[in-house]
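Computed from a predicted model, the values in this text were never measured in an experiment. In each ligand, atom 1 is the first atom listed, and ligand 1 is the first ligand listed.
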Amino acid sequence: MNIVVQKFGGTSVKNLKCMKQVMEKVLVPYNEGNKVVVVLSAMAGETNRLLGLAEEWSSEPDLAEMDSLVSTGEQVSTALFTMLLKDKGIRARSLLGFQAPIRTNSAFTRARILDIDSVRIKSMLEDHDILVVAGFQGCDEDLRITTLGRGGSDTSAVAMAAALDADVCEIFTDVPGVFTTDPNICSQARKLDTVAYDEMLEMASMGAKVLQIRSVEFAKKYNVKVHVRSTFSDEIGTYVTQEDENMESILVSGIAYDKDQARITLARVKDVPGISASLFTPIAEQGILVDMIVQNPSRDGRTDMTFTVPRADLEKTLEIIDSIRDELGAEEVLYDKNVCKVSVIGVGMRNHSGVASKAFQALKDDNINILMISTSEIKITCLIEEKYTELAIRTLHNTFGLDQSMSEANLR
Ligand code: ADP
Ligand code: ASP
Ligand code: MG
């Protein structure tokens with residue numbers, strides 16, 4: 001049995017007209033004789049609407065109930081789409097997370113997939129030609145509904161493709177592929193034919209929401225061929241694949257940005273062993289992801305600690321700091337919400353110096369102040385003032401000649 005997995009995001013299923021276009025896409029592998037597993041998101045805006053309701057109803061919504069609530073968006077889109085297929089006489093049915101079942105842990109609102117019952121799904125594919133699976137959701141051991149975090153339908157689709165050993169996992173969205181940077185922010189952005197798993201991992205973790213990071217982790221681990229493409233055109237999109245030699249000859253493949261950041265500084269904390277542990281352990285225990293961390297050299301036994309957290313977690317982080325402030329001996333706590341992380345990413349910068357300095361120089365030439373820096377072997381991230389985001393992206397994009405596929409400025 002040849003199986004193709006196709007995922008469609010919120011804008012692709014936002015109304016009947018779009019769903020009819022989705023049907024055209026689904027009929028392609030179907031008409032070629034494949035079994036098709038279609039993973040759908042909620043209709044555009046619906047997940048946000050449901051999250052808003054929870055906020056209105058409760059000061060601190062119970063997370064399990066929150067998942068029960070927000071997962072309904074995908075229940076609507078899968079049922080409606082299956083109706084369209086059945087009207088055409090196609091043997092189809094919808095499947096919610098618990099019906100597949102897609103088993104997850106119990107980390108409500110950010111659950112991880114543990115297992116998908118591929119035997120059951122394959123046996124359903126004996127009697128059906130198309131299964132329409134609700135993305136973003138699963139169930140835990142106790143059969144409670146869980147969700148996989150924002151953008152989680154990507155992960156549902158790639159995990160499904162891995163479990164079913166599908167030929168390909170097509171991620172249909174509102175842009176024609178993965179671009180050198182967000183095409184909605186930079187008109188010079190260029191579509192990439194291929195992107196390496198590791199590059200895509202960095203791009204996703206640094207804010208490129210075109211794929212959820214967990215989906216790329218799955219794809220890499222299980223070697224799933226992922227094809228990101230547009231619902232609204234027929235052009236070939238971007239393949240997310242294993243790294244090859246050609247990719248390494250190019251220094252930078254993309255620029256990502258993340259405005260969902262806040263910077264916190266603890267001024268003049270005691271510089272004694274264990275201070276970082278006392279600070280970051282309680283933050284981690286609340287599930288808050290600290291990203292960039294800088295500790296200044298100490299003066300008079302005191303030092304400054306600066307770090308970033310997701311903006312939505314700022315209040316909670318400040319409360320935690322307040323509760324341990326005496327222990328840390330911080331003289332002042334400062335924070336800034338108007339910051340943005342801009343990252344330059346490429347496997348070609350492994351073992352190649354000069355990329356960072358070129359990026360710093362470009363930002364300097366545009367008078368953009370760098371607030372913090374962090375690097376990995378294939379990424380350089382600068383924290384800057386949020387108001388310079390678009391300018392920084394354009395400048396870096398130009399500096400590395402990303403609007404052309406083989407620019408001199410971007411070859412090793
Ligand atoms: P969907 O609803 O289909 O899951 P998303 O909104 O989650 O779509 O992801 C697609 C969006 O990702 C695009 O509209 C684009 O604005 C954004 N994006 C950010 N960085 C990139 C990039 N490098 N390439 C393509 N799209 C990107
Ligand atoms: N509907 C969910 C969200 O908006 C999941 C997804 O679209 O991938 O985050
Ligand atoms: Mg998405």
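- Taking a 4.0 Å cut-off on heavy atoms, Ser12 fails to register as neighbouring ligand 1.
- For atom 23 (N) of ligand 1, the closest non-hydrogen atom on the protein side is Phe179 O, 3.0 Å.
- Using a 4.0 Å cut-off between a side-chain N of Lys or Arg and a carboxylate O of Asp or Glu, Lys220 and Glu217 do not qualify as a salt bridge.
- Scanning the protein heavy atoms around atom 27 (C) of ligand 1, the nearest turns out to be Val210 CB, 3.8 Å.
- Using a 4.0 angstrom heavy-atom cutoff, Gly10 counts as in contact with ligand 1.
- Heavy-atom contacts of Arg150 reach the following atoms of ligand 2: 3 (C), 4 (O), 9 (O) (cutoff under 4.0 Å).
- The heavy atom nearest to atom 11 (C) of ligand 1, considering only Asp174, Thr47, Ile255, is found in Asp174.
- Here the side chain of Arg263 pairs no donor or acceptor atom with the backbone of Thr306 at under 3.5 angstrom.
- Under the 30°/60° scheme for interplanar angles, the aromatic rings of Tyr239 and His227 are found to lie parallel.
- Remark: ligand 2 and Thr47 share an N or O pair separated by less than 3.5 Å (distance only, no angle test).
- With a 4.0 Å cut-off on non-hydrogen atoms, Glu74 touches ligand 2 through its side chain and not its backbone.
- In this model, a donor atom of one side chain and an acceptor atom of the other lie less than 3.5 Å apart for Thr155 and Gln212.
- With respect to atom 15 (C) of ligand 1, the closest heavy atom belonging to the protein is Asp182 OD1, 3.3 Å.
- Between Asp67 and Val70, some side-chain heavy-atom pair lies under the 4.5 Å cut-off.
- Look at Gly152 and you'll find a heavy atom under 4.0 Å from some atom of ligand 2.
- Ion pairing between Glu46 and Arg49 holds under the 4.0 Å rule for side-chain N and carboxylate O.
- Comparing Ser153, Ala44, Ser156 by heavy-atom distance to atom 6 (C) of ligand 2, the nearest is Ser153.
- In this structure, Lys191 contributes its side chain and Ile236 its backbone to a donor-acceptor pair below 3.5 Å.
- Side-chain rings of Phe280 and Phe307 approach one another, their centers coming within less than 6.0 Å.
- Among all non-hydrogen protein atoms, the one lying nearest atom 1 (P) of ligand 1 is Thr173 OG1, 3.5 Å.
- Every atom of ligand 2 is numbered from 1 in the order shown, and the set under 4.0 Å from a heavy atom of Ser41 is 6 (C), 7 (O), 8 (O).
- Scanning the protein for heavy atoms near atom 4 (O) of ligand 1, the closest one is Lys7 NZ, 3.0 Å.
- Judged by distance alone, the side chain of Thr308 and the main-chain N or O of Met292 form a donor-acceptor pair under 3.5 Å.
- In terms of polar-atom proximity, Asn184 is counted as a contact of ligand 1, with an N or O under 3.5 Å from an N or O of the ligand.
- For ligand 1 and Met203, the ligand atoms under 4.0 Å from any heavy atom of the residue are 23 (N).
- Atoms of ligand 1 lying under 4.0 Å from any heavy atom of Val178, numbered from 1 in the order shown and given with element: 24 (N).
- Heavy atoms only, all atoms of each residue included: Met43 and Lys14 are closest at CE-O, 3.7 Å.
- At least one donor-acceptor pair closer than 3.5 Å links the side chain of Thr399 to the backbone N or O of Thr395.
- Checking only distances, Gly151 does come within under 3.5 Å of ligand 2, N or O to N or O.
- From the protein, the heavy atom lying nearest to atom 25 (C) of ligand 1 is Gly177 O, 3.3 Å.
- Residue-ligand proximity, Pro183 to ligand 1, at heavy-atom distances under 4.0 Å covers atoms 24 (N), 25 (C), 26 (N), 27 (C).
- Side-chain contact between Arg144 and Cys139 is absent, with no heavy-atom pair separated by less than 4.5 Å.
- At a heavy-atom cutoff of 4.0 Å, ligand 1 is contacted by the backbone of Thr181 but not by its side chain.
- Here the protein heavy atom with the shortest distance to atom 7 (O) of ligand 1 is Lys209 O, 3.5 Å.
- Using a 4.0 Å cut-off between charged side-chain N and carboxylate O, Asp234 and Lys25 make a salt bridge.
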